[in-house]
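Below is one structure, written out as structure tokens; the observations come after it.
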Amino acid sequence: MNKKWLKKKATRKIYFFSGILLILLIIFFNSLEKENNNIIFDTVLDITAAPSKILARGRVISGDTAKDLLPKNEKDIKIQKLEQEIEDLRKELIKNKITKNELNQLDDLKRSLNYVEEDYEKKYIAASIVAKNDGNYYTSFTISAGKKDGVQKDGIVMTGKGLVGIVYEVSENYCKAVSILNSKASVSFELLKNKDYTGIASQNIHIDDDEDPYKYINGYMFDINYRVLPGDVVITSGLGLYPKGIPLGVIDKVVEDKSSLQNFVKIKPYVNLKRLEKVMILNPRNLD
Amino acid sequence: MKNAAYLLIGFLIILFSGAIFNFMDIPFFHAHVDLLFLYITFLALFVGSERASLIGMVLGFLMDIFLGRYVGFHSLILFVAGLSYGAFKDKIFKERFGGAVLLLLCGVFIYNIFSVLLYKTKVFSFSVIGFKLVLVMALNLLVGSILYYPLKSMICKIEQ
């Protein structure tokens, strides 16, 4: 009797755990196909991220205090100042180039085509990074701004230095973003030195070399005859979802593929994903 | 009550990993340890399959929703890890960390292979991924060896 009861119990256990395994598999495969946004997940994200926000603030404050307490090296201060100066100058340069090159052309075009003004206002939402995943194979962030603050899916996350990533999930108070190095989305870009030198950056593009794929954004130029050189500054071109003029990084390497008549480029992003604290989110344009 | 304590510890691991540890720029070629996987592995060896798998599943869900890309991935991995490692509960010599850490490394290897397959956004060369895999496993070996005795004594205290 006892033996039979034990056998029955063991069988029930097997059914129970097999059932759970099956449910987990269904949830996982469903998640691969569909978005994860539902009220349960959103609520759990809001609850989990709240204490993390406090911890993240503690991390930032303690980091700042430690920096203040440590004796400052004159060289480090100079480097910091110079880096800030370079960043400001880069912003200024991008702004001026875009304004100068295009203002006249746009005015002419507007007049000749009876152009309808695009109803898109660049509204930046300031937020902080609450948490980050381990980043071994991809990097994603949880950010302290959600639907309540006006964040939309596919919005871009950026810092003063440039593009960081793309929002893929939004809850009421928080959102999650995947880094530009791991996003499958395509971003159209142009070179700052010449707005006619355009291309597409996407992590689906394969460039044949042995370098760490998680350090660079891959891309290709639309024309093999463009004179692209390492060190050229890359900015978004304004085609598609994202506005013009957001810095992506600098060209690190140009790989010419004569068989496919394409120039592939490896772009080194400006943003250091390891040292992110404050970010801005910019919602995508409505292309409809 | 004991299970609640294990869940709370797991939740704290998720919070501290996400908000603090993952931001640390460890000079180890940017590799990080998945502390939650390590925790569930050691927990399974001490409390058995049933409890470890269910705790792993709940914590995995939290991890997926809080930081993950796909809901169900971590919960599935941690559920299976808890279930399979729990079978070794009375079959390994727990006074030394060798056996436990060896099991951890096997699990980390499988877990990382699945991660690579799931999250690969680029066509990569095997040498790059192989190098990363070796680094992650070496780091897990190091951290697992350090954390084995503190985790063991903590679990034993909760069980008493």
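These numbers come from a predicted model, not from an experiment. Quick note on labels: first sequence line is chain A, next is B, and so on, each numbered from 1.
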Practice task
With a 4.5 Å heavy-atom cut-off (strictly below), which parts of residues 6-16 of chain B touch chain A? List them by number.
Solution key: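 Residues B:F11, B:L15, B:F16 are the ones that qualify, each having a heavy atom under 4.5 Å from chain A.
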
Handout entry: Residues of residues 50-65 of chain B within contact distance of chain A, non-hydrogen under 4.5 Å
Key =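 Answer by number: B:E50, B:S53, B:L54, B:M57, B:F61, B:L62, B:D64, B:I65.
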
Which bit of [X] is near chain A, if near means a heavy-atom gap under 4.5 Å: side chain, backbone, both or neither?
| X | result |
| --- | --- |
| B:F79 | side chain |
| B:L133 | both |
| B:L83 | side chain |

Practice task
Evaluate side chain to side chain contact (heavy atoms under 4.5 Å, CB included) for A:I27 paired with B:F73, printing each intermediate quantity in order.
Solution key: CA-CA 9 Å; A:I27 292 172; B:F73 177 65; over 6 Å; no

Problem - B:V71 backbone acceptor or donor facing A:S31 side chain under 3.5 Å - result: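 The answer is yes, because a donor-acceptor pair under 3.5 Å joins these two groups.
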
Exercise for the section: Could you tell me whether a side-chain N or O of A:N133 sits under 3.5 Å from a main-chain N or O of B:L67, the two making a donor and an acceptor? Expected result: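 Pair absent, no side-chain N/O of A:N133 close to backbone of B:L67.
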
Exercise for the section: Look at B:D34, B:V80, B:I20, B:V33 and state which one has the largest set of heavy-atom pairs under 4.5 Å with chain A. Expected result: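 Of the options given, most contacts go to B:I20.
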
Practice task
Tabulate, in ascending numerical order, the residues of residues 141-148 of chain A having at least one heavy atom closer than 4.5 Å to a heavy atom of chain B, or enter 'none'.
Solution key: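 Against chain B, the residues of residues 141-148 of chain A that fall inside the cut-off (heavy atoms, under 4.5 Å) are A:T142.
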
Problem - Neighbourhood of chain B inside residues 18-26 of chain A, taking heavy atoms under 4.5 Å as contact - result: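 So the qualifying residues are A:I20, A:L21, A:L24, A:L25.
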
Answer yes or no: are there more than 12 heavy-atom neighbours, outside [X] itself, under 6.0 Å from its atom [atom1]?
| X | atom1 | result |
| --- | --- | --- |
| B:Y149 | OH | yes |
| A:K268 | NZ | no |
| B:K2 | NZ | yes |

Handout entry: Structural part of A:F17 lying under 4.5 Å from a heavy atom of chain B
Key =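 Interface part for A:F17: both.
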
Exercise for the section: Select one option (side chain, backbone, both, neither) describing which atoms of A:K53 are under 4.5 Å from chain B's heavy atoms. Expected result: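 No part of it gets close to chain B.
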
Once you round to the nearest 0.5 Å, how far does [atom1] of [X] lie from [atom2] of [Y]?
| X | Y | atom1 | atom2 | result |
| --- | --- | --- | --- | --- |
| A:E169 | B:R69 | CD | CZ | 7.5 Å |
| A:R59 | B:F23 | CZ | CZ | 4.0 Å |
| B:S49 | A:K13 | OG | NZ | 9.5 Å |

Problem - Nearest atoms (heavy-atom pairs only) where B:A19 meets A:A131 - result: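 Result for this residue pair: N-CB, 4.2 Å.
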
Exercise for the section: Determine whether B:L118 and A:F28 make a side-chain contact, defined as any pair of heavy atoms from C-beta on separated by less than 4.5 Å. Expected result: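 Yes. Closest side-chain heavy atoms under 4.5 Å.
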
Handout entry: Side chains of B:F66 and A:L45 in contact at under 4.5 Å (non-hydrogen atoms)
Key =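 Heavy-atom side-chain distance check passes, below 4.5 Å.
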
